[in-house]
**Student:** 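My structure is below; once you've seen it, I'll send some questions.
Just so you know, these numbers use all the heavy atoms, side chains as well, and skip hydrogens, waters and symmetry mates.
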2 protein chains.
Amino acid sequence: MAIEYKTRTQLVVETLREKILSGEIVAGQALRQTALADELNVSRIPVREALLQLEAEGLVTFEPHKGASATELSAAQVDELFELRAMIEGDLLAASLVHITDHALAQATDILVNLDSALGKENAANTWSELNSDFHNCLYSGANRPQTANLVNILNKNADRYIRMHLLWAGGISKAGPEHAELLAFCQARDIDNAVAKLKQHILNSRDEIKAFLLQREAS
Amino acid sequence: MAIEYKTRTQLVVETLREKILSGEIVAGQALRQTALADELNVSRIPVREALLQLEAEGLVTFEPHKGASATELSAAQVDELFELRAMIEGDLLAASLVHITDHALAQATDILVNLDSALGKENAANTWSELNSDFHNCLYSGANRPQTANLVNILNKNADRYIRMHLLWAGGISKAGPEHAELLAFCQARDIDNAVAKLKQHILNSRDEIKAFLLQREAS
DNA sequence: CAATTGCTTATTTTATACAATCTATTATAA
DNA sequence: TTATAATAGATTGTATAAAATAAGCAATTG
């Protein structure tokens with residue numbers, strides 16, 4: 001097993017991404033290159049490059065000569081994002097179920113168990129979010145569509161903040177647990193139509209809950 | 001009308017993108033930072049940052065300590081890319097047609113005229129490609145979905161190389177002219193279902209032609 | 001002679017230093 | 001008082017220099 005080498009830029013990317021997703025860096029906050037460089041004990045160059053990469057992921061906004069800031073999505077943008085996810089992930093799941101292996105389905109079952117038990121514990125949002133991502137990727141593994149999978153991951157990196165936020169502040173995606181189980185059941189039965197419908201419903205449900213939460217917050 | 005300021009990094013991005021899309025930089029070719037910096041009369045930092053941005057667009061691949069190279073998409077990847085485009089652009093068009101203005105449609109008509117006349121002239125591929133992009137964006141202007149529009153643009157930046165290549169080497173997207181006209185007619189009639197079907201067919205047609213061309217080339 | 005090790009060179013990655021730009025504050029004039 | 005200009009400080013953007021890494025070739029060992 002080879003250890004993977006990581007450049008400082010990559011390490012900074014991962015650190016900053018986690019800070020943004022976890023909410024430690026709040027949306028709209030200016031990201032001063034010198035401050036970050038000092039904090040992380042690197043020079044400004046890797047910080048700049050990391051910020052550029054995060055901009056490409058949509059987590060950071062860059063303005064020439066003005067600097068970077070963590071992007072904040074409005075309720076309307078969240079709406080759009082989840083709608084995109086529903087469409088693309090639905091398509092991906094349909095393509096995946098044709099070829100998905102029993103092994104992948106067994107793996108998804110395992111993840112689901114951990115997912116449920118993660119909710120109560122501390123650091124719930126971070127663990128849950130990671131497992132949630134694993135679960136979904138597992139279901140898409142049969143599709144053999146690397147570009148689409150990559151796109152889905154980028155979209156999820158944007159959605160993740162809002163899912164975590166909701167999980168922390170509002171007690172979680174209330175319906176996620178049973179929805180996951182139902183989804184998995186349809187997948188195991190290779191019932192493509194119902195599985196896709198359930199997945200889309202699952203994504204759009206969380207959209208609705210999150211949007212309601214955001215709108216309420218925007219009002220106040 | 002304010003002129004827009006551009007950092008060197010942005011200028012390098014544009015220059016390199018154009019070189020890649022036009023085929024001047026061939027796929028797989030190593031992109032040496034020093035060489036590019038000398039050629040463009042800038043230091044290596046803007047070159048690096050430009051390469052990173054292009055990587056995010058999917059036009060360039062970065063390997064730590066090995067450098068960057070222009071990405072080459074296989075026939076399978078092109079397949080996937082165009083399928084994604086058909087799905088997302090179809091959805092975007094449907095959303096757009098509900099609210100699209102007469103002004104936007106008139107603009108699209110104008111572009112179409114230029115588009116047809118661009119085919120014969122020199123530098124056809126570059127002009128055509130740009131106008132083609134304008135035409136489609138024009139039709140999507142009613143959707144008011146900035147994130148989706150942005151995503152579509154990124155996907156198109158990837159597809160563009162193959163469209164241009166096909167245009168140059170194989171005499172063009174043979175059916176594009178009439179298809180565009182038909183598509184516009186459906187849009188003007190606000191016939192959403194037929195317009196979307198026509199758009200998808202249009203995208204998938206070019207996919208088929210390009211894929212056939214690529215497969216033939218891969219064989220030899 | 002094959003395989004491995006150590007060195008050389010090319011290239012990338014990171015740091016430091018400087019120049020350009022923006023922002024906020026103060027000073028000046030209408 | 002209000003608006004505009006000037007200025008200082010902070011911050012970003014770029015260039016150059018130093019360090020880290022990879023790849024290729026020669027030397028060495030079995």
**Student:** Counting N and O atoms only, with roles assigned by atom type, does the side chain of N158(B) sit under 3.5 Å from a partner on the main chain of E57(B), one being a donor and the other an acceptor?
**Tutor:** yes
**Student:** With the threshold set at under 4.0 Å for non-hydrogen atoms, list the residues of residues 57-68 of chain B touching DNA chain D in residue-number order.
**Tutor:** H65(B), K66(B)
**Student:** Going by an N to O cut-off under 4.0 Å, is there a salt bridge joining E14(A) and K6(A)?
**Tutor:** yes
**Student:** Near DNA chain C, under 4.0 Å by heavy atom, which residues of residues 33-51 of chain B?
**Tutor:** Q33(B), R44(B), I45(B), R48(B)
**Student:** If you look only at distance, which donor and acceptor atoms sit under 3.5 Å apart when one is on a side chain in residues 142-149 of chain A and the other is two or more places apart or in another chain?
**Tutor:**
unit_1, atom_1, unit_2, atom_2, d
R145(A), NH1, D91(A), OD2, 3.0
Q147(A), NE2, Q77(B), O, 3.2
T148(A), OG1, E80(B), OE2, 2.9

**Student:** Using atom CD of E55(A) as one end and atom P of dG13(D) as the other, report the distance to the nearest whole Å.
**Tutor:** 10 Å
**Student:** Assess the residue pair N137(B) and Y140(B) against the criterion (side chain to side chain contact (heavy atoms under 4.5 Å, CB included)); give the C-alpha distance rounded to whole Å, side-chain angles, the decisive distance to 0.1 Å, and a yes or no.
**Tutor:** CA-CA 5 Å; N137(B) 280 327; Y140(B) 306 150; 4.2 Å; yes
**Student:** For R8(A), check salt bridge (charged side-chain N to carboxylate O under 4.0 Å, His left out) against everything at least two apart and list the hits.
**Tutor:** none
**Student:** For H136(B) and H202(B), take the angle between the two ring planes, folded into 0 to 90°, and tell me which bin it lands in: parallel under 30, tilted 30 to 60, perpendicular over 60.
**Tutor:** parallel
**Student:** Distance-only check: which donor-acceptor pairs under 3.5 Å involve side-chain atoms of residues 24-37 of chain B, not counting sequence neighbours?
**Tutor:**
unit_1, atom_1, unit_2, atom_2, d
E24(B), OE2, K19(B), NZ, 3.0
Q29(B), OE1, V26(B), N, 3.1

**Student:** Below 4.0 angstrom from OP1 or OP2 of dT13(C), is there any side-chain N or O of R8(A)?
**Tutor:** no
**Student:** What I'd like to find out is whether the side chain of C187(A) reaches to under 4.5 Å of the side chain of L105(A), using heavy atoms alone.
**Tutor:** yes
**Student:** Between residues 11-19 of chain B and DNA chain C, which residues have a heavy-atom gap below 4.0 Å?
**Tutor:** none
**Student:** Go through the steps for E130(A) and S133(A) under the test side-chain hydrogen bond (donor to acceptor under 3.5 Å, both in side chains), then give the verdict.
**Tutor:** CA-CA 5 Å; E130(A) 203 171 315; S133(A) 177; over 6 Å; no
**Student:** Please confirm whether the shortest side-chain N or O distance from T9(A) to OP1 or OP2 of dT14(C) is below 4.0 Å.
**Tutor:** yes
**Student:** Under 4.5 Å between any side-chain heavy atoms of T7(B) and F62(A), yes or no?
**Tutor:** no
